Every structure is written in C-alpha cells, then in structure tokens.
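Remarks on the structure that follows.
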2 protein chains.
Amino acid sequence: MPVKDWLPAAVRAAAIDRKLKSGEALFRLGDKTAGFCEVLAGRVRLTRVDRAGHEVILYVAGPGETLAEASLFSPAYHCDAIASSDALVRIYPKSAVLAAFEKDRKAAQAFTAMLARQVMNLRTRIEQRNIRSARERVRHFLALNAGADGRTIELDGTLKDLAAELGLTHEALYRTLAELERSGEIKRGRGKITVLRKRKI
Amino acid sequence: MPVKDWLPAAVRAAAIDRKLKSGEALFRLGDKTAGFCEVLAGRVRLTRVDRAGHEVILYVAGPGETLAEASLFSPAYHCDAIASSDALVRIYPKSAVLAAFEKDRKAAQAFTAMLARQVMNLRTRIEQRNIRSARERVRHFLALNAGADGRTIELDGTLKDLAAELGLTHEALYRTLAELERSGEIKRGRGKITVLRKRKI
DNA sequence: CGGCGTTTTGAGAGAGCTCAACATCGGTGG
DNA sequence: CCACCGATGTTGAGCTCTCTCAAAACGCCG
C-alpha cells in the first residue's frame, strides 16, 4: 500500500528527505517525535537495547515500507531507528499530518483504513509463519497471491526477496519451487508462477 | 489491548453478543459488513477458499482478540469467519462505531492509535518468527517482555500457550527453558521467569 | 481417590539450514 | 565485441535442530 494512496498531497508536499549512512540513527528512544517515515532506499531497523546492552530487533523496514506510524500519537519515540545500510528516508512531519487529519476527515479515515488493512495483512503473514513445511508455506503464498484468474502469481522482486518474505532461505525456496515444477503443480515463467493443478494433501 | 481501553462506552453499549456452534459461520465472503467483532470465548478463524476448494487460513482469533476491523471501511467482508470451536463473539455494529467516530474525534483517534500500536506489535512478532533458534527466540521474548526491573517476566497463561505464541512446540519450549535454567541464565518461579545473566550470542 | 490437562524427559527421524561449488544473467568498461 | 564482475539463481552434501511420537511425573479439582 504505497503512501501515495492514502496520504493527502498536501502532507506529501511537506515531506523532508534525509540521507542516512549505514549505522546512523534516524531517531533514538526518547527523542521527541518528528513524524512517521517512509523508507525510499536501503534498510532501517527499529531496535531496543536490553539491560545487558544487546540490541533487540523489532522490525526491519525496506524500500516502500513505512515505520513509526504510532509516533503520531506519542510525544516520544519508543525505540531506536538505525540505518542498516546507506539509506534514504522520507519524513512526514507530525504537525502536517495531524493538521491534515484535523481538517480533512476523509484523510484521517483513509489513514485508519490503511492501518486496518495492514493489521489484516500482518496477521495473515504470521499465520503463514505458523506453517512449518516449506512446500505448504509456498502453497499458502500462491493461494493468497493469485491474480484475477486464480492461477497466475506475479512476482515483484527477486526470488531471494520472496524467500525472505516467506521466512525461508533462498536455497529452500529454490528447491521447493523446483520440486513443485517437477511434479507438475506449477509452471514458472519470467517474473511469474502459474498454478497448473492442485495437490493431494 | 482490551476493547475497553479504546472503544467509547456508547459503542460498547450497542454491542450484540452471539453464540456460535463449532463450524458455524459468523459471516461469509461477500456478506454486507455488520461491524467488527471481539472474540469472548472459543476460537474463530478467518479463511478464504482457493480455486481448488481448499480453505486457506488467514488468521485465528482467540479470546480477547478482535477481528474484521477493516470491515468498518468496506461494504462487504473479504473472507469467511468460521467458529473453530463453540464460541461467543461480541459484534460492535458498524453504524454505531462510525457514528461515534464522527461525533467524537478523540474516539476516532484512539481507534487509529490502537491500530498503529497493533501494527507495531505484529511487526515485532513477525521479526521474532524470523529467528530460527528456539533459544534465541525465547531470549528475544524475554528481552521484550521484561518488567520494569528489566529482569522479571510475568507469564499470563500456561507455558503451552506461550509455546504457541512463540511458534514452538511445547516440548521445544520446555527443553529450552530447562537448558537456560541449567546454564544459570534464567530462574523460573510460579508464573514468572527471572533473567539472571545475559549471554554473548 | 480418580481423571484431566500441564509439565517433563526420551528417542528417533525428517526437514530445513549451512557451507560450498557452479551456472546464469545483466551491466560495465576496455 | 568480448572479458570481467557482481548479484541472482541452482544444485549437492552433511548436519543440526526442531518436530513427532511416546511415556511418565506433576498439579488441580471434583
């Protein structure tokens, strides 16, 4: 769900871009909240540091993903945000966002609806992670991401990216796809997968 | 995050309780949306059915959890909701909820803030599932759920429940906790765990 | 006491991870 | 045009780890 689709143009116009070197902090726990962010390039990790000084990872945001939406409703950040690689982020100032929501009820509702959809998607992804078997996990993904015809799945990124999204090593994913293709269950094309026939459990 | 904390009393007063037999549908894909639900007892699963007629599970909601928040912004449900056991659900009528949000800006904001926090929590849980090792996953949980002293973790349910939340079999969790205790890293008490010393990864 | 669910521990097997080598593709520069 | 390079894609072999199945101890409650 691209930011474009749910954030008013007025707010987007007020955005500030910021470049981060790998290891540089976007914000730290306790900092006054500036707004929420969209990662344009690179990776930014949200972390907390435990008593022993170890970093505990909460979330890793990649290109196109947003972070710190909850900061809109909090005076201070609740974790650290550190660039895991050189990164480019776009900051949507809290004041501009809240002002827009105050003025335009539709905009506020679009934001809420986006969050509700995101909750739904995240729950589904967790459900997917409950599936142990690589084959079943891939089938789950294929069933949920089939296009209009119910048989064709368009792949956006690389298979490596998909492996990460599925929580598998890329080797395991390659092997599983190869198996499914050998057994005649799927057919692979450039950037897409076609489901030919369904399994017998 | 109990419903009580973010839903106005006026809306809660308009709620309708409904009993479901195991296997009974709360709603079906395409049904006109009635509102969002809270599961009071039992389990309700959200599913879709793929081309081959197989049920694909999106989410399983247990007691205290809510579902179909996104239905507030959609004219029809996008999946099926089926009771996996005898269940009791509370339905918050869409009209009452939206009316309350329309009238009371604070209520709408509380709802949005709750969703933003939930997104945060779900992302963290997914991050946890990315950890393969049972030991590291348990450590991650302990680090994130430590109380004010940073060393004591209160356990709400049984260890079996915790195992399910962590995505481990209960045997694996028992063994891991036993190992951690043997090695002196943690100490277990009735319904709580105390972290004694940390380990270097 | 007897029954039920949780907690524990054991042994074994399977599945995915790790490490490693190699193929393939796309872009770059000589 | 071709050699080179890096990232993606692919396959192989071994191993660790968790899951599965099994059995028993423990705790709670009627």
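The structure displayed is predicted, hence computed values, not measured ones. In the text below, chain A, chain B and the rest are named by the order of the sequence lines, each starting its count at 1. What you see below is based on every heavy atom in this structure, not just the backbone, and it leaves out hydrogens, waters and symmetry mates.
When rounded to the nearest whole Å, the span between CD of A:E136 and P of D:dC19 equals 17 Å. Rounded to an integer number of Å, the gap from CZ of A:R132 to P of D:dT20 is 6 Å. Whole-Å rounding puts the A:E181 CD to D:dT11 C1' distance at 15 Å. As a whole-Å value, the separation of A:L159 CG from C:dC25 P is 14 Å. Atoms NZ (A:K160) and P (D:dA7) sit 9 Å apart, rounded to a whole Å. A straight line from CG of B:L162 to P of C:dT8 spans 12 Å, rounded to a whole angstrom. Atom CZ of B:R137 is separated from atom C1' of C:dC17 by 14 Å (rounded to the nearest Å). Distance CG (A:L168) to C1' (D:dT18): 15 Å, rounded to an integer number of Å.
Checking the phosphate oxygens (OP1, OP2) of D:dC19, a side-chain nitrogen or oxygen of B:T169 falls inside 4.0 Å. Between B:Y174 and C:dT7 there is a side-chain N or O to OP1 or OP2 distance below 4.0 Å.
No contact: B:R190 has no heavy atom under 4.0 Å from any strand. Across all strands shown, A:R175 has heavy atoms under 4.0 Å from base atoms, whether or not it also approaches the sugar-phosphate.
The residues A:K192 and A:E154 are annotated as not salt-bridged, no charged nitrogen and carboxylate oxygen being separated by less than 4.0 angstrom.
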Evaluate the side chain to side chain donor-acceptor pair (under 3.5 Å) criterion for residues A:T152 and A:D149: first the C-alpha distance (whole Å), next the side-chain angles of each, then the deciding distance (0.1 Å), finally the verdict. CA-CA 7 Å; A:T152 307; A:D149 64 356; 2.8 Å; yes
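Under the 3.5 Å distance criterion, with hydrogens and angles disregarded, no donor-acceptor pair is assigned to the side chains of B:R123 and B:Q118.
Ring-plane geometry between A:F36 and A:F111 is classed as tilted, the angle between the planes lying from 30 to 60 degrees on a 0 to 90 degree scale.
Taking the nucleotide of DNA chain C with the nearest heavy atom to each of B:R182 and A:G167, the more 5' of the two is matched to B:R182.
Taking every side-chain heavy atom of B:E171 into account, C:dT9 is the closest of C:dT9, D:dC19, D:dG9. You'll find that the side chain of B:H170 is closest to C:dT8, out of C:dT18, D:dT8, C:dT8.
A donor-acceptor pair under 3.5 Å is formed between the side chain of A:T112 and the backbone N or O of A:A108.
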